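Accompanying notes for the structure given below.
Every value quoted in this text rests on a predicted model; they were computed, and no experiment measured them. Every chain is numbered from 1 and lettered A, B, ... according to where its sequence line falls, protein lines coming before strand lines. Keep in mind that the numbers below use all heavy atoms, side chains included, and drop hydrogens, waters and symmetry copies.
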Protein chains: 2
Amino acid sequence: MSKKGEEITDCNYQAPIFNALTKSEMSLLDSHRIEVRYQPGEIIFKQGSPCSHVVSFDEGQAMEYVEGANKARIILRLIKPPEFISGTGIFSDMKHQFSLKAIVPSSACFIEFGSIKELILKNQAFVQAYLKNIDNSLKYSYYKLSSLTSKYQLGRLSETLLYLANDFYETNPFELTISKPDLGGMSNMSKESVYRLLNELEKDGIIKIEGNLFTIFKPQRLAEISRNS
Amino acid sequence: MSKKGEEITDCNYQAPIFNALTKSEMSLLDSHRIEVRYQPGEIIFKQGSPCSHVVSFDEGQAMEYVEGANKARIILRLIKPPEFISGTGIFSDMKHQFSLKAIVPSSACFIEFGSIKELILKNQAFVQAYLKNIDNSLKYSYYKLSSLTSKYQLGRLSETLLYLANDFYETNPFELTISKPDLGGMSNMSKESVYRLLNELEKDGIIKIEGNLFTIFKPQRLAEISRNS
DNA sequence: TCAATATATTGATATATATCAATAAATAAA
DNA sequence: TTTATTTATTGATATATATCAATATATTGA
């Protein structure tokens, strides 16, 4: 097992849920896993396809998205390691409910669901961690549902920018690794609206954009906009 | 324990998840539960409030909804017995992620989460049923997310009408027990839009509305509209 | 280097949909 | 019954936002 921070990872079980496992349980998983590397844009799993494994996302960055009525897509959230991704549907209809796509070179470890299920049934700490994981997904999904349906686009875009700085990249000037039109996918708006509103926020001195480098000058102002519009 | 179909119910454990329990496990729950009766409009639990119990919804009808930015609310789905409602957040931040409100006189049984957790940890069939339950909620939530953000209002309202006939009331002429403006809460639109579109669907001979009695004449046409707009 | 493609920008227009407003019908209260 | 209140209806208007279009800039490939 490699430590967090090393360059090459190989199913390193760094996600918090794996803390619940003993060494021998990890070895069990080792014999039921496959590691796969992805290039930017490659789909790791696709909404609607059979779901037989969980994913330990070990390296790179990816996006979780759901497909809408037309070609529209909503980007639910971005993923960075270490992350444990349990395809929802694994206890119901065995189909993926969302798609996962690499946005930079990435590495994902597929662990057979059978062995995960075994651990869920016999390891009390593991099942609690697993339930916490789904619970958080559900919580986030409900939040997104109300936010995407009740806010104006400026509020939604501001929320996305704060999410990127605070939760995803976790730095203030941050280098955007998705495209600017993808900000529209995260905030549910057209790419033209994204460009227009970004310029507006920049003109108001709230943010600065140089290429893909985003600086948030007034995070509290952005939070206010996110709340009130 | 009363059988399904009887008038008065009292924590009857009819929801599928309870099939996983033995008689003695049910007795355990019996000593950790409280039954509460509600009048129409009364809140059973409120988004953001502490979540310490799960709910067995035994009688009546209720709505699950999330509160949006302004006073806006999205009605996630309607609930009828038997239904097991595990407040999400019970494994994460111990707060309710949505509200539940009675729409007709209803009866709900609150079961202490401690005893549910005990069963999750020791009964393998129960934990699987519990996971299936959350999984379905997540699946539904993702579906709603894409549907509410990618369809036009006519498509969303058609979807709601089909949901009511096929999944909730399960009869074709159905008596609406929520208000017509609430159809807007389910479809994310203003009440005026609801009235306009209902009249439009009626003029086109797709549905008929007499008071609160809704008849769907052309369900396949409605499904088509729901899909393509 | 030059062409070709993708990304960014901005304006004009179209359109979905909310909001406001006025009134009608239905229901409840007195 | 008469009044008051809620629910329903419909039109006019305002507005958020997408779409279309034109062009500019940057990036890539030949």
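Projected onto DNA chain C by closest heavy-atom contact, Gln153(B) and Asn212(A) fall at different nucleotides, the more 5' of which corresponds to Asn212(A).
Rounded to whole Å, the distance from CG on Asp182(B) to P on dT7(D) is 10 Å. dA14(C) atom C1' lies 11 Å from atom OH of Tyr152(B), rounded to whole Å. In this entry the distance linking CD of Glu200(A) with P of dT9(C) reads 14 Å, nearest Å. When rounded to the nearest whole Å, the span between CD of Glu202(A) and P of dT9(C) equals 8 Å. Separating the CG atom of Leu198(B) from the P atom of dA8(D) is a distance of 10 Å, rounded to the nearest angstrom. As rounded to whole Å, 13 Å separates atom P of dT9(C) from atom CG of Leu201(A). For the pair Ile209(B) CD1 and dT7(D) C1', the computed distance is 14 Å after rounding to whole Å. To the nearest angstrom, P of dA8(D) lies 12 Å from CD1 of Ile178(B).
Distance from the side chain of Glu192(B) is smallest to dA21(C) among dT10(C), dA18(C), dA21(C). In the set dA18(C), dA8(D), dT10(C), the nucleotide with an atom closest to the side chain of Ser193(B) is dA18(C). Here the side chain of Arg156(B) is nearest to one of dT17(C), dA8(C), dA16(D), namely dT17(C).
Legend: residues meeting salt bridge (charged side-chain N to carboxylate O under 4.0 Å, His left out) with Glu192(A), ordered by chain and number and at least two apart, are absent.
For Arg196(A) against dT19(D), a side-chain-to-base donor-acceptor contact under 3.5 Å is present.
Residue-level contact check: Lys191(A) touches neither bases nor backbone, having no heavy atom under 4.0 Å from any strand. Within 4.0 Å (heavy atoms only), Ser190(A) reaches at least one base atom of the nucleic acid.
Annotation: Tyr65(A) is not in aromatic contact with Tyr142(B) [ring centroid separation under 6.0 Å not met]. For Phe174(A) and Phe168(A), the gap between ring centers reaches or exceeds 6.0 Å.
The phosphate of dA8(D) has OP1 or OP2 within less than 4.0 Å of a side-chain N or O from Lys180(B). The phosphate of dT9(C) (OP1 or OP2) has no side-chain N or O of Tyr195(A) nearer than 4.0 angstrom.
For the residue pair Ser226(A) / Lys151(A), a side-chain donor-acceptor distance below 3.5 Å is found, with atom types taken as modelled.
Salt bridge status for Glu67(A) with Arg73(A): absent, with no side-chain N to carboxylate O gap under 4.0 Å.
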